[in-house]
Amino acid sequence: MAAQGYVEQLRVIEVRQALHWLPPGRHILEIGAGVGWQARELSTMGHEVEAVDLAGSAYAAERIWAIRDYDGEHLPYADQTFDVVYSSNVLEHVERLRSLLAEMRRVVKPGGYLVHLVPSASWRLWTTLTYYPDLVRRAWRSVRGRAVTPESAPHAAHGRGPQRWRRLLRVFAPPAHGLFGNAIEELWYFKSAHWRRLLSDAELEWHASRPAGLFYSGSILFGLKLPFSMRRQLAPLLGSSCHLFILRKRAAAIAVAR
């Protein structure tokens, strides 16, 4: 529950930081809404919010918001429906990213915004470095019988010959987060310059591009024990864990996503 509370608070803070400048009353579509924490928060900020996610999402059974299922590529909305299309830590998991980005551009109104929070190279670095302390923690909990999982080190090492070594390698090699490559390659793929190239589009103009201003890693070692106020102070020193990109659809643009 503590970890869940930490992640929920983290996502709420992120969406407020990303869209604090937006006047109330906007029609917003969230892509990859997960449980729905951010969609709900946007609603409390005075916006009309719709959300989509994959039917097979790991969070499907825990949803707290009316999230519409979609196929991960085609958005079930008419052209020029929304003032804002928003995503948070989603784009790195999209297999056909160009196609989905074109769909986002199609459903946003001319003059509307595409707002994306994406993981940074700093997040990848610190997630890799904290993977090993977290591995020790999980192994210790497994030994004590608190959390027996297939990924726990004592169990993953079972087997003989090549099978055993493959399992050991899977345990001690930090896993990739998204679909762009392995954990080492993500240090490059998550650089802001690479994200900027992926998101650039002739029908869009850049409105803002900046670090999101919050430090954390993918391994939850401290959770709520490290206050978010301190995480803000650490971001300029250790690196922001997300980068924020805000693009605006040109007012004269004609939505084409075929």
Side-chain angles (χ1 to χ4, degrees), residues 1-15 17-18 32 34-35 37-38 57-59 62 87-94 116-158 166-192 194-195 211-244:
M1 291 298 293
Q4 183 180 5
Y6 158 75
V7 175
E8 180 176 355
Q9 290 188 41
L10 172 63
R11 296 306 179 214
V12 167
I13 290 171
E14 281 186 331
V15 72
Q17 290 186 169
V35 174
W37 291 324
Q38 293 190 327
S57 167
Y59 307 103
E62 305 171 25
S87 76
S88 170
N89 296 277
V90 169
L91 301 187
E92 69 273 19
H93 301 293
V94 178
H116 303 295
L117 275 168
V118 294
S120 68
S122 173
W123 178 90
R124 179 64 267 180
L125 173 64
W126 286 105
T127 295
T128 298
L129 294 177
T130 57
Y131 173 77
Y132 297 102
D134 185 55
L135 185 66
V136 172
R137 178 180 64 86
R138 289 189 289 115
W140 174 246
R141 291 181 64 189
S142 177
V143 169
R144 298 184 63 181
R146 294 182 180 178
V148 179
T149 67
E151 292 77 20
S152 298
H155 295 277
H158 287 175
R166 282 196 295 270
R167 290 179 177 177
L168 281 170
L169 182 61
R170 189 181 70 173
V171 168
F172 289 105
H177 173 66
L179 300 178
F180 291 176
N182 59 41
I184 300 302
E185 291 171 325
E186 285 180 342
L187 288 169
W188 163 254
Y189 289 128
F190 290 173
K191 290 174 67 70
S192 61
H194 183 254
W195 279 118
L214 205 61
F215 169 78
Y216 58 90
S217 73
S219 302
I220 305 175
L221 292 178
F222 299 105
L224 292 172
K225 294 179 181 178
L226 185 62
F228 287 105
S229 58
M230 187 172 294
R231 294 179 183 276
R232 290 192 181 93
Q233 295 174 18
L234 288 172
L237 300 174
L238 302 179
S240 176
S241 297
C242 276
H243 207 90
L244 173 66

Tell me, do Y132 and S219 make a side-chain contact under 4.5 Å, heavy atoms counted?
-> no
N/O donor-acceptor pair under 3.5 Å between S120 side chain and S192 backbone = no
If every non-hydrogen atom of R11 is compared with every non-hydrogen atom of Q38, which pair is closest and at what distance?
-> O-NE2, 2.7 Å
Is it true that a side-chain atom of S240 and a backbone atom of A235 form a donor plus acceptor pair closer than 3.5 Å?
-> no
Using atom types as modelled and distance alone, determine if a side-chain donor or acceptor of W126 lies under 3.5 Å from a backbone N or O of L238.
-> yes
Side-chain H-bond candidate by donor/acceptor type, H177 with E186, under 3.5 Å | no
Given L117, which of L244, V90, V15, L91 fulfils the side-chain contact (heavy atoms from CB on, under 4.5 Å) condition?
-> L244
Centroid-to-centroid, Y59 to W37, below 6.0 Å?
-> no
Taking all non-hydrogen atoms of both residues into account, name the closest pair between H243 and P211 and its distance.
-> CE1-N, 3.6 Å
Shortest non-hydrogen contact from S217 to T130?
-> OG-OG1, 3.2 Å
So do P119 and N89 actually touch side chain to side chain, heavy atoms under 4.5 Å?
-> yes
Point-to-point distance, once rounded to the nearest 0.5 Å, from OG of S88 to CG of L10 = 8.0 Å
Parallel under 30°, tilted from 30 to 60°, perpendicular over 60°: which one fits the rings of F180 and H194?
-> perpendicular
What heavy-atom pair brings P175 and R124 nearest, and what distance separates the two atoms?
-> O-NH1, 3.2 Å
Does R232 reach the side chain of L214, with side-chain heavy atoms less than 4.5 Å apart?
-> yes
Going by atom type alone, with no hydrogens or angles, which donor-acceptor pairs under 3.5 Å involve a side-chain atom of residues 221-231 and a protein atom two or more places apart or on another chain?
residue	atom	partner	partner atom	Å
R231	NE	L226	O	3.1
R231	NH1	F215	O	3.2
R231	NH2	G223	O	2.9

Would you name the heavy atoms of A176 and G181 that are closest together and state the gap between them?
-> CB-O, 3.1 Å
